[in-house]
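Atoms considered below: every heavy atom in the structure, side chains included; atoms not considered: hydrogens, waters and symmetry mates. For clarity, every value in this text was computed on a predicted model and none was experimentally measured.
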Amino acid sequence: MRDGENIYDAIYQLVRCIPPGRVSNYGAIAKAVGMASGARVVGYAMNGCHNINPPVPAHRVVTRNGLLTGRHHFSPPELMQQLLEQEGVRVEDFKVVDFDKVFWDPMKEL
DNA sequence: GGACTGACGCAAG
DNA sequence: CCTTGCGCCAGTC
């Protein structure tokens, strides 16, 4: 923490910019914040997203394959899929259906 | 300072 | 399509 801006802050802001009905992957976010290969760091940052304000829609962040790997870190693990389906994102077996269609690229859209 | 871990990504089989 | 192995960065022990 300190040194002006943290890597987490950039990640949180970017994730917050994800529109409803869309999902993004860790790699794209990592690259958007300056870490092309820091996908793991993005996931690690999400680990503390449940205690920040404003809250971060971590449920819109999935793996590059569209797999809801982070579901286990939610209060109820199924909440992640519920939220996605609630926003119109088709999810099957904890995997985002038509992921390339709902995929939101921060570098391209932003 | 070294080693292990983790909500990952990609290449190859 | 799914599984395995290696590499990536940051944090903690």
A/Val96-A/Leu83 co-clustered via ILVMFWY side chain contacts under 4.5 Å: yes
Integer-rounded Å distance: C/dC1 P and A/Leu67 CG: 13 Å
Results of ring pair (Phe, Tyr, Trp, His ring centres under 6.0 Å) for A/Phe99 - residues two or more places apart only: A/Phe103
Spacing of A/Ile29 atom CD1 relative to C/dC9 atom P, expressed in whole Å: 18 Å
Backbone of A/Gly27 reached by a side-chain donor or acceptor of A/Asn25 within 3.5 Å: yes
Hydrophobic cluster membership, A/Tyr26 vs A/Tyr12, 4.5 Å side-chain cutoff: yes
Phosphate OP1/OP2 of C/dA10 contacted by A/Tyr8 side-chain N/O (<4.0 Å): no
List every contact pair, protein side and nucleotides 8-10 of chain B side both N or O, where the distance is under 3.5 Å.
residue, atom, partner, partner atom, Å
B/dC8, OP1, A/Thr69, OG1, 3.2
B/dC8, N3, A/Arg40, NE, 3.4
B/dC8, N4, A/Arg40, NH1, 3.1
B/dC8, N4, A/Arg40, NH2, 3.0
B/dG9, OP1, A/Gly27, N, 3.3
B/dG9, OP1, A/Arg64, N, 3.2
B/dG9, OP2, A/Arg64, N, 3.1
B/dC10, OP2, A/Arg64, NE, 3.3

Reported CD1-to-CD1 distance for the pair A/Ile18 and A/Ile29, which is rounded to 0.5 angstrom: 4.5 Å
Heavy-atom donor-acceptor pair, A/Arg22 side chain to A/Lys101 backbone, under 3.5 Å: yes
Donor-acceptor under 3.5 Å (A/Asn6 side chain, A/Tyr8 main chain): no
Neighbours of DNA chain B within residues 47-60 of chain A, by heavy-atom distance under 4.0 Å: A/Asn47, A/Cys49, A/Ala58
Interatomic distance, A/Asp93 CG vs C/dC1 P [rounded to whole Å]: 14 Å
Length of the line joining A/Met35:CE and B/dG6:C1', which is rounded to integer Å: 13 Å
Between CD on residue A/Glu92 and CG on residue A/Leu68, distance to nearest 0.5 Å: 12.5 Å
Atom-to-atom span, CD of A/Glu92 to P of C/dC1 - whole angstrom: 13 Å
A/Tyr44 OH - C/dA10 P separation (whole Å): 12 Å
Residue whose nearest DNA chain C nucleotide is more 5′ - A/Gly38 or A/Lys95: A/Lys95
Touch class at under 4.0 angstrom, heavy-atom based, for A/Met46 against every strand present: base
Expected output: side-chain A/Ser24 to main-chain A/Trp104 donor-acceptor under 3.5 Å: yes
